[in-house]
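Here is how names work: the chains are called A, B, and so on, in the same order as the sequence lines, proteins then strands, and each is numbered from 1. Fair warning: this is a prediction, and the values are worked out from it, not measured in the lab.
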Amino acid sequence: MATHAAFMPGVKTEAAPYGVWSWITTVDHKRIGILYGVTAFIFFLMGGIEALIMRTQLARPDNNLVSAQTFNELFTMHGTTMIFLAIMPLSSAFFNFMIPLQIGARDVAFPRLNALSYWIFLCGGLFINSSFLFAAAPDGGWFGYATLTTRQFSPGHSIDFWMLGLQILGIASMLAGFNFIVTIVNMRAPGMTLMRMPVFIWMSLVVQFLIVLAFPAITVALILLMFDRFFGTLFFAPAAGADPLLWQHLFWIFGHPEVYILILPAMGIVSEVLPTFARKPLFGAPVVIYSGIMIGFFGFGVWSHHMFSVGMGPVADAAFSIATMLIAVPTGVKILNWISTLWGGSIRFTSALLFSLGFIAMFTMGGLSGVMHASPPVDLQQTDTYFVVAHFHYVLFGGSIFGLFSGIYYWWPKITGRLLDERLGKLHFWLMLIGFNLTFFPQHYLGLIGMPRRIYTYAGDLGWNFWNMVSTVGAFIIALSILVFMVNVLKTRRSGQVAGPDPWDARTLEWAIPSPPPIYNFAALPTVHGRDELWLQKHGDGHGGAPTPRPATPTAQEIAAIHMPPPSYWPILLALALTFMLSGLLISTYQIIAGGLLVLFCMFKFALEYHRPAPEAH
Amino acid sequence: MDSHAGAGAHAVHHDPNIGTTGLDNRKVGMWIFLGSDCMFFGSLMGTYLSYKGKSVGGPTPRDVFNIPLTSESAAVLLLSSLTMVLALAALEKNDHKWTGRWLFATALLGAHFVGNQVYEFYTFAVHDGLRLSTNLFGSTFFTLTGFHGAHVTGGVIWLMGLWWQLKRGRLNRGDYTKVEIAGLYWHFVDIVWIAIFTIIYLIP
Amino acid sequence: MTKPPRRLAISLLLLGVIALSAGCGAVGWEWDTKMSTVMPKSDFGRMTHDIFMLISWWTLGIFILVEGGLLYACWRFRDRPGAPIPKQIHGHTVLEVSWTIAFAAILVIFAVPTVRVIFKTQEAPAATDLKVDVVGHQWWWEFRYPGQNVVTANEAHLPVGQTVAFNLHGPDVIHSFWVPQLGGKRDVVPSRVNRITLTPEVPGEYIGQCAEYCGTSHANMRFRVIVHPKGEWEKWVAAQQGPPLEPKDELALKGKELFSQSACMGCHTISGMSAGILGPNLTHFGSRKTFGGASMMSTPENLAKWVENPDHMKPGVLMPNLGMRDDQSKALAAYLLSLK
C-alpha cells in the first residue's frame, strides 16, 4: 500500500525492492519509519474506538451499554494504547524518518537495532491486545496501582498481560533511544555543531535521554509487580511491612518524564513547521532548545505532583508544588517564542500550519489547567476528576496529536512524493478542532462539579447529564475528522499532486533531496554553515550575506560508491524469540527456558552477522 | 570547498563505526546503555533501602550474612576488572595468546563470582529459611543481588563469546573497540557490585 | 495556498463563543450542584476555593492575552500575494528575559498562598477535634466514632462548626475519601493511617465518592455526610448508641428470624445478635437513607432486589448470593428497614 505510493514512476529514486519480504527484512530507517507510522495509526484507531464506546456509555446516566468490568478494561486499554502504542510510535515514525535526513546522515547508527526496535514494538502491541482474545484484557488502569494489581485483588491474567506487554514495549523504546542518541551525537554532517541542529533534532535528543533514563524505573516497578504476582515476593504486601506507595513513586519517576516524552516531539515538529510557513526563523531558537533541555532535566524532579492526595506530608507537598511551578516556566515561555515566530512573518495557512496553530492554542489551555494542578490544595479538588481528564487531553490530544498531524501533513510529501489534498486537510483540521473542544472543554466543568474519573456510570441527579452528552457528540465529530483524513490518504495515493523535493520552500536539510528520498538519502554528505542550512543556501541569511553555495551535483561514480547496510531477518527473529520467551511466563517454564535459549542464539547470530575479521589497523 | 569537504567526509566514513566526532558509535552507545543501567540498579537499590529494617519476622541480614565469603567475591570481581584491562592491553599489542588468556581469566573469575552467589543463595534458602517470599529482606535481597548476578552472567557469556572468536582466528587488533565495550560493561558491573556490597553487606 | 481571512475569522469566532459561554455562566453551567467543588461549605473548602479563584482569574487573563496574540498574529501577518521574504529575526533577548521573569512572578503569586494553605490544612489535630475513623473497603465506607462508641457505614453524621479529624485506613486496596463540598481528597492507603481535618460550616447533606480507582465497583463506592445544625448531632449519636430496635410488624419479625439463621451473621454486625466484620454494621441500618455504598436508596424494593442478587446491582460485590427468594428477601428488607 504505502510502499507503492512511495515509489512513483517518473520520480527518480534508487531501485527499491518491493514485496513483503523486503519490508520484513528492511533496515532502512525510512521504511522503518513508515512501518512505525502505519502501525501506530492502526493502534490509534483502536484506542479511538475504545474511547467512543466509553463516551457512548457515559452519554447518559445509569447507562448499561457496557458492564462495569468492560468499561474498566476500556479505560485501561485506551490509556495504555494511546500512550504506548499511538503517540510514542507516531513520534518514533518521525524520529526514524527525519533524524538522519535532518542531520545529513545516511541512516541511523545501528540500522539492524532500529529494525529490532520496531519488531519488538509490534510484538508488544499485539501481545497486550491479544488479551482481548483471552477475555483477560487489563483492567487495573494504565497506571496499575498496587495493591489493586496484586494477585490477591486481581486474580487471573489481565494484569499479567499488561505488565509483560509494557516490559516488551519498554525494551523497544530503550533500544531505539540508544540508537538515536548515538546517531544524533555522532553522525551529524560536517559543520553541524550542536547549536546548528534543527530544533526537532534537539527535542528528539532530549526525548531519547528521557526514555533511556526514565524507563528503567518502570521496568523495575513492573519487575517488582511480576515477582509479587509470580514468585510470592512481598514488595507490595502491607501485611509484611511493605508500602504500596513504592509502586506509585517508581511509576511516576517514570511517568512524569513520560509526559515530556509525549509532548516534546510535537513541540519539535511545531518548531519546524511554524518557521517554514511564516518564512521566518524560529524566534529565540537557543532559548527553545535550552528550555527543552531544562524540562528534560527538571522533569525528573516533579513526579510526586501526581501523588498530592496520598499523604506525603506538607513539606513534600510544598516542595513538589514549587518544583512543578518552576518547570511551568520553560514550558510556558516556548509558547511565546512560537507566537513571536509568526509575528512579522508572512503566514501561509496550509493544513500543516493549521495543526501547529491548533497545537499552540490547545496546549496553552492544557498548560493553564496544569498550572492549577500545581497547587496541592486546588489539586485535591481536581485530581481524579474530569478536570484532570480535560487537562491531559488538552496537552496530549490538543498538544501531541495536533502536533503529530502537523508533522504528517508537513512531511507527507517528503515521505511519499505526493502532497495530501489541502481542502480535505483543512476540513480534517476544523472538524477535529471543533470536535475536540466539544469533547473536552465541558469536562473541565464536569470535574469542577464533582464528576470523578474512571467511573462506568453516574447518578442522574448530580447535574452531569447534559455536558456528558455534549462531550460524547464531540467524540464522534473527532471520529468523523479522522475518517476525512483517511479518505485524504487513500485519495492522494495515486492522484495526489507530485511534490518535488521542496514544496514548501522550507529551511532544513531534508528538503534538499528528492521526495521520496533515495535509499542513501544524500549522494554527497552536506556541509553545514548554520541552523536552517537549506534556507541559507536558497536565500542567504537575510542580513546582507550572500546565499551559501549549493552543493555540487553528485556524479554517478560517487553514487555507486555508496554502501548501504544490507537487509537482515535477524531483527524480526530476535523480536519473536524475545516475545516467545517472555510470554512463557503465562504458559510454562519450559517455554521461558526454550525462549531464553532461542534469544541467546538469535543475539549471537545478530551480533556476528556482518563480522569479518577487521583489517590490521596501523 | 565542497570537494574538500566531500573528500574529508568520505575518508571519515571509511569505517562506518566512527562518527563525525571521531568517536566510535558502539562506545557512545555502550556509555548511554550504562547510564540507563545505572537508573535500573538505582531503582532496585532505592527499593532495597526503603525496605531496609522493615521486615516483619524472618531472618535478618545479621542472621545470614557470610561476610568473608562475600568479601572474597568482591575481591574476585575486582581482580577480574584488572584481568580485563590486561586483556585489552594485550590486544592492543596484537598478542593473541595473552589476549585469550586474560579474557578467559576474566570470564573464569566472573563465573567464580556467580558460583559464590549461587552457593550463598542456596545456603540462605535451604539452611536459613530465607527465600524471596519469606520477608521484605528476602524479597529485596534476592531481587537486587540476583539481577546483578544475571548481569555478571551475561558478561561471562559475552566474554566467552569473544574468547571463542579469538580462538577461531576471527578477532584481532582491528576489533579493539568490540572488546573495549565489553570491558566497559564489565567494569560497570564491578562498580555496581561495590555499591551493592556497601549498602547491603557493610552498612548496618 | 493563502486562506481567505474571513472564513478563518468566522470559525475562530465560533471557538470564542464556546469559550465565552464557559465564563458567562450561560444555560447549562450550573455551579451549585450536589457535588460541586466551587461552593465550599467548610473551612478547608473555602481556603482551597480562594486559591482556585486567584489562579483562575490570572489564567483567564493569560489565556486572553496569549490566544488573542495568536489570533491577531495570524490575521495581521497572513501571507499576501507578492509579499517579500519577511525580516529574518532570530530573537530578542530583553523581551524573552522579561516575559520569563513575568511568568515566574505570577507563579510566585500562586505559590505563596499555596504553601500557606498546605501547612494550615495539615496541622496536627487538636484534643478537641471530633475523631472519626474511616475504613475504606472494596466498595463501601465504614465510619467509626471511637469517642462515642458508634459504628456505622456509608453515611457519616457530623456536628456543624466542629473540627473533625478523619483518620483514614483500609484493609484492601487504595481508595480516596472525597466530599467535594467539604474540601479536597485524601487517599486510603493500606499500609498507613492518613488524616484529613476540616470544619463543616453549613448544615446539609453532602455526597462523597471514592476518588481512586479501586476495582470493579469503584463507581458505586459513594457515601454521604450529613452535617447537623447545632444540638442535633447529639441526638443522632444517642440513637446510634442504643440497641437495635425490636421489629414491630410480622414481616420484619420474620426477617429477623431469617437473619439469625443465615450466613448474614458471619459478615454483618447487629448489636446483640451477630458480630461479623466483613460487611457493614447493620445495627441501625434503617436510620440510613442509602445503602450499597450509598449508591442505592433504601426502599423495600431496592433492598429486596439487593438481597436476592447483590452482584446484579453492584458488579463484583463481595457479598455472596445466598439464594434468598421473594418472601424471604422481602422479609429481610422489612427487618433491615425496621432497624432505625
| query | Do C:T114 and A:P376 touch side chain to side chain, with heavy atoms closer than 4.5 Å? | reply |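 Yes, their side chains come closer than 4.5 Å.
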| With chain C, which of A:F71, A:F153, A:Y145, A:F75 has the greatest number of heavy-atom pairs at distances under 4.5 Å? |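 Top option by heavy-atom pairs under 4.5 Å: A:F153.
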In terms of heavy-atom pairs under 4.5 Å with chain A, which of [options] leads?
| options | result |
| --- | --- |
| C:F119, C:F110, C:W99, C:F103 | C:W99 |
| C:H92, C:E212, C:Q209, C:M221 | C:E212 |
| C:D172, C:V66, C:V189 | C:D172 |
| C:R192, C:K87, C:R76 | C:R192 |
| C:V117, C:V38, C:T121, C:T100 | C:T100 |
| C:A102, C:G45, C:C214 | C:C214 |

| task | Measure across A:I347 and C:A73 and return the closest heavy-atom pair with its distance rounded to 0.1 Å. | result |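 Shortest heavy-atom contact: CD1-O, 3.6 Å.
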| task | Heavy-atom distances under 4.5 Å only: say whether C:I207 touches chain A with side chain, backbone, both or neither. | result |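 Side chain only.
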| Measuring heavy-atom distances to chain A, does C:Q138 have an atom under 4.5 Å in its side chain, in its backbone, in both, or in neither? |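 Interface part for C:Q138: side chain.
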Under 4.5 Å from any heavy atom of chain C - which part of [X]:
| X | value |
| --- | --- |
| A:V470 | neither |
| A:H539 | side chain |
| A:T383 | both |
| A:A328 | both |
| A:L342 | both |

| Stepwise, does the side-chain hydrogen bond (donor to acceptor under 3.5 Å, both in side chains) test hold for A:D532 with C:Q88? | CA-CA 11 Å; A:D532 297 342; C:Q88 302 290 292; over 6 Å; no
| field | Atom NZ of A:K538: over 12 foreign heavy atoms under 6.0 Å | value |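 Yes - once you tally the heavy atoms of other residues, nucleotides and ligands closer than 6.0 Å, there are more than 12.
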| Heavy-atom neighbours of C:W58 CH2 exceed 12 at 6.0 Å |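 No, CH2 of C:W58 has 12 or fewer neighbouring heavy atoms, counting only those of other groups under 6.0 Å.
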| Do any pairs count as a salt bridge (Lys or Arg N to Asp or Glu O under 4.0 Å) and have a residue in residues 46-70 of chain C, sequence neighbours left out, and if so which ones? |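 Listed by first then second residue: C:R46-C:E201.
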| query | In chain order, what residues pass the salt bridge (Lys or Arg N to Asp or Glu O under 4.0 Å) check against A:D139, with sequence neighbours excluded? | reply |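 Checked A:D139 against salt bridge (Lys or Arg N to Asp or Glu O under 4.0 Å); zero matches.
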